[in-house]
Amino acid sequence: MNMPTPTTQITGAYVSPLKYESTSCDALVAEISALARRENQLVAAQNQRIKTSETQAFWYGVGQGDGVEAAELANVRGEREAVTAAMEKKKCKAS
């Protein structure tokens, strides 16, 4: 039925922690906060796409499938994992 992927099944795309190797702890803390906000926005957008797709599938027999929200959510989750790894390596403390 071409339904969108549930947000719980969207995993992070690989991003190397080396990208953040020279980033300061303060900048990493700010980045992780910004990524968390963006992830929440994308989860809400994907959930809305799922609701809309369910309605469309009911009436027309086919859903919308994944859109840019799912791909961007995977990227944001990958970035978050890389920042977290860099923070752990540097022993940064989240504020």
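Note: hydrogens, waters and symmetry copies are ignored here, and every other heavy atom, side chains too, is used. Everything quoted here is computed from the prediction, not taken from an experiment.
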Chemist: Please find the pair of heavy atoms, one from Arg77 and one from Gly12, that lie closest to each other, and give the distance.
Modeler: CB-CA, 3.7 Å
Chemist: When rounded to the nearest 0.5 angstrom, what distance separates OG1 in Thr7 from CD in Gln9?
Modeler: 9.0 Å
Chemist: Which pair of heavy atoms, one from Gly63 and one from Ser53, lies closest together, and at what distance?
Modeler: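 Taking Gly63 first and Ser53 second, the nearest heavy atoms are CA-OG, 3.1 Å.
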Chemist: Tell me, which pairs form a salt bridge (charged side-chain N to carboxylate O under 4.0 Å, His left out) where one or both residues lie in residues 48-71, sequence neighbours left out?
Modeler: Arg49-Glu69
Chemist: Using 0.5 Å steps for rounding, measure from the CG atom of Leu28 to the OG1 atom of Thr23.
Modeler: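 Those atoms lie 5.0 Å apart.
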Chemist: So how far is it from Asn40 CG to Leu35 CG, rounded to the nearest 0.5 Å?
Modeler: 11.0 Å
Chemist: Looking at NZ of Lys90 and OG of Ser24, how far apart are the two atoms once the value is rounded to the nearest 0.5 Å?
Modeler: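 Answer rounded to 0.5 Å: 7.0 Å.
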Chemist: Within this structure, what is the OG1-CD1 distance for the pair Thr55 and Ile50, rounded to the nearest 0.5 Å?
Modeler: 12.0 Å
Chemist: Going by the disulfide bond (SG atoms under 2.5 Å apart) test, which pairs reach into residues 5-65, not counting sequence neighbours?
Modeler: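 Applying disulfide bond (SG atoms under 2.5 Å apart) to every pair that reaches into residues 5-65, excluding sequence neighbours, yields Cys25-Cys92.
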Chemist: With heavy-atom distances below 4.5 Å as the criterion, would you say the side chains of Pro17 and Lys89 are in contact?
Modeler: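 A side-chain contact is absent here, since even the closest heavy-atom pair is not under 4.5 Å.
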Chemist: Can you sort out the partners of Ser33 under side chain to side chain donor-acceptor pair (under 3.5 Å), two or more places apart, ordered by chain and number?
Modeler: Arg37
Chemist: Please name all residues satisfying side chain to side chain donor-acceptor pair (under 3.5 Å) with Thr52, sequence neighbours left out, ordered by chain then number.
Modeler: Gln48
Chemist: Roughly how far, to the nearest 0.5 Å, is the OH atom of Tyr20 from the CD atom of Glu31?
Modeler: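 If we round to the nearest 0.5 Å, Glu31:CD and Tyr20:OH are 4.5 Å apart.
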Chemist: Going by salt bridge (Lys or Arg N to Asp or Glu O under 4.0 Å), name the residues that satisfy it together with Glu79, two or more places apart in sequence or in a different chain.
Modeler: Lys19
Chemist: In the single-linkage hydrophobic clustering (I, L, V, M, F, W, Y; side-chain heavy atoms under 4.5 Å), do Val43 and Val83 co-cluster?
Modeler: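 Yes, because Val43 and Val83 connect within a single hydrophobic cluster, where side-chain heavy atoms sit under 4.5 Å apart.
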Chemist: Under the criterion side chain to side chain contact (heavy atoms under 4.5 Å, CB included), I'd like the reasoning laid out for Met87 against Ile32: C-alpha separation, chi angles, the key distance, then a yes or no.
Modeler: CA-CA 9 Å; Met87 289 176 72; Ile32 201 87; 4.3 Å; yes
Chemist: Quick one: list whatever passes side chain to side chain donor-acceptor pair (under 3.5 Å) with Arg80, sequence neighbours left out.
Modeler: Glu39
